[in-house]
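In the text below, chain A, chain B and the rest are named by the order of the sequence lines, each starting its count at 1. The model shown is predicted, which means the values in this text are computed figures rather than measured ones.
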Number of protein chains: 2
Amino acid sequence: MRLSKKTDYALRVLFTLVEHHGRGPIPIRELARRNDVPKRFLEHIMLEMKARGWVDSSPGKQGGYVLAKEPARITMGEVIRQFDGVLAPIGCVSVAHYERCNQEAVCRFRRILLDARNYVARLMDRATLAMVFLGAPVQTREVFAQEFSAGDGI
Amino acid sequence: MRLSKKTDYALRVLFTLVEHHGRGPIPIRELARRNDVPKRFLEHIMLEMKARGWVDSSPGKQGGYVLAKEPARITMGEVIRQFDGVLAPIGCVSVAHYERCNQEAVCRFRRILLDARNYVARLMDRATLAMVFLGAPVQTREVFAQEFSAGDGI
DNA sequence: TAATCTACGACTAAATCAATCGTATTTCAT
DNA sequence: ATGAAATACGATTGATTTAGTCGTAGATTA
Ligand code: SF4
Ligand code: SF4
């Protein structure tokens, strides 16, 4: 789950938009400056986010981008999957992009990778922009332990 | 923490060597066949593992590779770091390869990535080949919760 | 002494990443 | 009206990484 620059940039900008939520559009120029993102690169990122319905745009003077969904209804998991494609450390433990491996039956360490993927996926899928913005705890590990033993094992 | 093929291949082979520990060398040809790894590619991987002191080799007939350390003294974390370089999802939360980001002071989501890196790093650094081979539980989440609150926070 | 191994550097093809550029189009303040 | 300011979007690129292959040299032993 190595984060690409694109994902990092997208998240930076999203949180800027969350902070400014309800107070009108911000132009790319400003988003790029405040988050230290190359402006021309950011254009593509914003286009992709618009296509996903996370942001909306208005052209012309006074134009720019606004958040199009409630911050509580966008998760970091969605953002990472959008830009990096896959969240799991390897195809054989991915849910969204599962790839069969013919060693699965005899593989000794797949369960460890699955554990990692489960923790990270749960964390990211629970991390809504709203909660993360507020600094709220996203996942208590006790809750995770309980759910885990309830079974999504190997 | 996307696993490269190289790392995956290395782990497959290591567990084969663990299984065969103490019963003489296995030639690359056999390691490659049993684990479905391209043989010529595996040569480089074995060289690197030999340099790290994880395996030892003997040439000639009856030659091949053996494990050079106790399975309890090699962790998956070491293997991943060796071949993928870094375990953390992004430079700003890496311990072994920290990269400063000038947004750190204002970044809203770094703490989430740090949480992910902490869980995965602990998991992998505890996952010795011996324990993983035996199927033993590597990290109870309760223990993790306790340690976490003891503080390696943001 | 020949068969069977490892050792190791050189090379490559393809994919991915991180952008940059040119240009078209829309909007609105004046 | 008009022009400044904004988004829209495809084309292109340069660097890096990935996932290998190939040729050959050298060691070991049945
Ligand atoms: S070897 Fe194990 S971990 Fe690697 S891809 Fe196959 S099943 Fe998954
Ligand atoms: S923006 Fe936040 S998460 Fe991304 S690199 Fe900077 S500090 Fe780390």
Side-chain angles (χ1 to χ4, degrees), chain A residues 1-13 17 24-33 35-68 80 82-86 89-91 97 99 101, chain B residues 1-13 17 24-33 35-68 80 82-86 89-91 97 99 101:
Chain A
M1 193 215 76
R2 185 95 184 145
L3 234 64
S4 65
K5 294 264 188 203
K6 221 169 175 177
T7 305
D8 191 28
Y9 291 163
L11 287 169
R12 294 184 196 187
V13 165
L17 291 178
I26 310 180
I28 279 194
R29 175 176 38 80
E30 182 66 10
L31 291 171
R33 194 189 55 74
N35 294 289
D36 195 25
V37 177
K39 189 193 148 211
R40 297 306 290 274
F41 191 32
L42 185 53
E43 288 179 10
H44 297 286
I45 298 172
M46 299 314 292
L47 259 305
E48 219 170 322
M49 295 212 276
K50 183 179 178 180
R52 281 292 306 245
W54 297 334
V55 300
D56 212 345
S57 65
S58 42
K61 284 184 181 173
Q62 294 341 40
Y65 283 92
V66 293
L67 209 60
I80 294 171
Q82 175 67 29
F83 290 104
D84 283 356
V86 61
I90 199 163
H97 299 86
E99 289 171 69
C101 166
Chain B
M1 194 216 71
R2 185 94 185 145
L3 234 64
S4 65
K5 294 265 189 203
K6 222 168 173 175
T7 305
D8 191 28
Y9 291 162
L11 288 169
R12 294 185 197 188
V13 165
L17 292 178
I26 309 180
I28 280 195
R29 174 176 38 78
E30 181 66 11
L31 290 171
R33 193 188 56 73
N35 293 290
D36 195 24
V37 176
K39 186 194 151 211
R40 296 308 290 271
F41 191 32
L42 185 53
E43 289 179 9
H44 296 288
I45 298 173
M46 298 314 293
L47 259 307
E48 220 170 322
M49 295 211 276
K50 183 181 177 179
R52 281 292 307 246
W54 296 335
V55 300
D56 211 345
S57 64
S58 42
K61 282 184 180 172
Q62 301 323 53
Y65 283 92
V66 292
L67 209 59
I80 294 170
Q82 174 68 30
F83 290 103
D84 284 355
V86 63
I90 198 164
H97 299 85
E99 288 171 69
C101 166

To the nearest Å, how far apart are [X] [atom1] and [N] [atom2]?
X       : N      : atom1 : atom2 : value
B/Ile45 : C/dT6  : CD1   : P     : 14 Å
B/Leu42 : C/dC8  : CG    : P     : 15 Å
A/Gln62 : C/dT27 : CD    : P     : 15 Å
A/Ile26 : D/dT7  : CD1   : P     : 11 Å
A/Lys6  : D/dT16 : NZ    : C1'   : 17 Å
B/Asp56 : C/dT6  : CG    : P     : 12 Å
B/Arg40 : C/dA10 : CZ    : P     : 15 Å
B/Leu47 : C/dT6  : CG    : P     : 10 Å

Where the side chain of [X] is defined as all heavy atoms beyond and including C-beta, which of [options] is the nearest nucleotide?
X       : options                : result
A/Pro27 : C/dT6, D/dT7, D/dA11   : D/dT7
B/His44 : D/dC22, D/dA30, C/dC5  : D/dC22
B/Lys5  : D/dA8, D/dA19, C/dT26  : D/dA19
B/Pro38 : D/dG20, C/dA19, D/dG23 : D/dG20
A/Tyr65 : C/dA19, C/dT26, D/dA8  : D/dA8

Identify the two heavy atoms, one from [X] and one from [Y], that lie closest to each other, and give their separation to 0.1 Å.
X       : Y       : answer
B/Asp36 : B/Arg12 : O-NH1, 3.6 Å
A/Arg2  : B/Val86 : NH1-CG1, 3.3 Å
A/Gly64 : A/Pro25 : C-CB, 3.6 Å
A/Ala32 : A/Lys39 : CB-CA, 3.9 Å
B/Ser57 : B/Tyr65 : CB-CE2, 3.5 Å

Upstream residue (5' side of DNA chain D) when B/Asp84 and B/Gly60 are each assigned their closest nucleotide: B/Asp84
Closest-nucleotide 5' rank along DNA chain C - winner of A/Tyr9 and A/Lys61: A/Tyr9
Reading DNA chain C from 5' onward, which residue's closest nucleotide shows up sooner: A/Leu3 or A/Glu43? A/Leu3
Using OP1 and OP2 only, check whether a side-chain N or O of [X] sits under 4.0 Å from [N].
X       : N      : value
B/Ser4  : D/dT17 : no
A/Lys50 : D/dA8  : yes
B/Ser58 : C/dC5  : no
B/Arg29 : C/dC5  : yes

